[in-house]
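Structure, as structure tokens:
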Amino acid sequence: MRVYRDLWWFFKQEKKAYIVGILVLILVSLLVLVPPYVIGRVVDQIYDGTLTTESLFGWILLLMAVGIITYGLRYVWRIMIFGASIRLARTLRNQLYEHFTRMSSPFYQRYRTGDLMAHGTNDIRAVQMTAGQGVLTIVDSITMGGFVVLTMAIVIDWKLTLITLTPMPFMAILTNIYGGMLHKRFHAAQGAFSELNDNVQGVISGVRVTKAFGQEKADTEKFRLKSLEVVGKNMRVAKVDALFSPTISFIVGVCYFLAVAFGARYVVSGDLTIGELTSFTVYLGLLIWPMLAFGMFFNTIERGRASYDRIQKLLSEKQDIVEVEEAIDEPISGDIHVSIPMFQYPGTSSVVLQQIDLTIKEGKTLGIVGKTGSGKSSLLRLLLREYELTDGTIIFGHRPIEQLTLNRLKQTFGVVPQDHFLFSTTIADNVAFAKPNASMEQVIHACQLAGIHQDIIQFNDSYDTVVGERGVTLSGGQKQRLSIARALLADPEILILDDSLSAVDAATEEYILGKLKEHRRGQTNIITAHRLSAIHHAECIIVLENGEIIEQGNHNDLMSLDGWYSRMYNQQQLEHLVEKGGRDA
Ligand SMILES: Nc1ncnc2c1ncn2[C@@H]1O[C@H](COP(=O)(O)OP(=O)(O)OP(=O)(O)O)[C@@H](O)[C@H]1O
């Protein structure tokens, strides 16, 4: 029942729908008492020989009227109660979605995508059932069950009612025991389903790698086993679930037996008419649904409680990055001063960045290089405030990063991440993602700057070509250039290219860099790269090693240092020459 207390905010919000729905349900419960009464009266009139055509016609009219009114009322309560529960599902889904969009990287590291998807679908459905079917079953079992029992006791015979209903407490006890078992098993089944979801998501998004390594069989086997586990756990739920109905039917059967055995004696002794006994047994039949509903109710709320708890746990996850109340939303300008004595990712013990002291000059290009894992992307993530600084400061002009609104920070940067992502939509929509109202000319211009325009017009549908899962598959270099076009279209004050030219050839790289220099004159660029040709033109270059700046200066400064940069540059130049020689030969 705790789930209803937790959902009280929603019932208050939808009180009109629930009050009308419940009142109508009560009315229906009263109306269903009429037909068994009529049947009993008709049987008695036949037995007495007093049934006339007129009175039969009257009874039939009454039954028809009750039938039609019940039909209409059942429609009304469904719309009221089930309609409200659909609105609850919508509200929770929106809350979850908004929450997901607010959360930053650490949250997505803590939760698996499959789990989040299961919470957004299965759990919400279970809560919706609690607010819809759960309310119906409890109201129906109490009102209809109560009215039927009262009618049997008051209108027909209280002693017979008492005898007939003695097995009922067993039903309450048993359904309660089953409910407890169901809760545990449902929890386990839900967990296994989440894992399966995760598995499917991983397999589908990595299907090309699977095929490339010929791992289809192994993957299918893994999936088969996982699926078997889910089936097994759901079977355990089904086995308890399946106990409800036979238990109730058995107990109701015993009640029928008692009703007929004792009722017949009452008829013989003249305490009951044959019509009354007929009504009594029909009323007993009406009790099956409330009893079943009672069992279903526990079942539904057990699931709803587990699911609502999981949804609340997700919603209560605090944002990792919180905007201060007095955050300022003013245009960001000036140099960026970065001072990070030390940085560790939350929950880890290894130092990723240390003794970073750096000024990123406004309107200039900063190149960041270093071995893989040296901390290049981590430094960018801190600039974007994807993670909170544990020690040190980042100051934009004269404003510490924490004093700026998150929105302003996002608007200031245009990022082309390493793991660029294209949506399953047209090329034009993908490019215009951050600026949906951009004109076609602007989209084309950005694509020209990113050196992808010529590729796009080769496609049959040009800018309307659908890419991704539902459309054409682009090469790595094409995807990178589309991501660059997307960032350029937004014309950000600070452009970040995180190893974004790695998949294009040297000539294309040179073309894009030339265009960037021309188009982004006076704007800040931050470029990380493994190929030094991508950054050698930068006004300032830093070399990172184990999270520390070991060299800093422009290309000429670094070449004269004769350190990591110059060694790497010479080596890459040599490789380039060998490659070119090989091609020319
Ligand atoms: N979210 C994270 N949580 C914990 N550790 C992380 C996280 N992201 C990166 N790291 C660790 O931080 C270190 C620096 O990683 P980072 O991605 O910044 O390196 P990088 O220089 O950008 O590497 P690459 O050139 O391969 O992209 C690595 O040891 C990495 O394992």
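Heavy-atom basis, side chains included; hydrogens, waters and symmetry copies ignored. Both counts, for ligands and for their atoms, begin at 1 and track the order of listing.
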Exercise answer: donor-acceptor pairs, residues 349-360 side-chain atoms, under 3.5 Å, sequence neighbours excluded:
residue	atom	partner	partner atom	Å
Gln354	NE2	Asn546	O	3.0
Thr359	OG1	His337	ND1	3.4

Task: Glu388 with Arg385: basic N within carboxylate O range, under 4.0 Å - done: yes

Task: Every residue of the protein that comes under 4.0 Å of ligand 1, judged on heavy atoms - done: Gln109, Tyr345, Thr348, Val352, Lys371, Thr372, Gly373, Ser374, Gly375, Lys376, Ser377, Ser378, Arg381, Tyr387, Gln418, His530

- [ ] Kindly say whether the aromatic ring centers of His555 and Tyr565 come within a distance under 6.0 Å.
- [x] yes

TODO: Output every pair passing ring-ring contact (aromatic ring centres under 6.0 Å, His included) with a member in residues 492-535, not counting sequence neighbours, ordered by first then second residue.
DONE: His445-His519

For residues 92-100, please give each side-chain donor-acceptor pair under 3.5 Å, one per line with the distance, not counting sequence neighbours.
residue	atom	partner	partner atom	Å
His99	NE2	Leu314	O	2.9
His99	NE2	Glu317	O	3.4

Open item on the list: For the backbone of Leu501 and the side chain of Arg531, can you confirm whether one donor and one acceptor N or O come within less than 3.5 Å of each other?
Closed with: yes

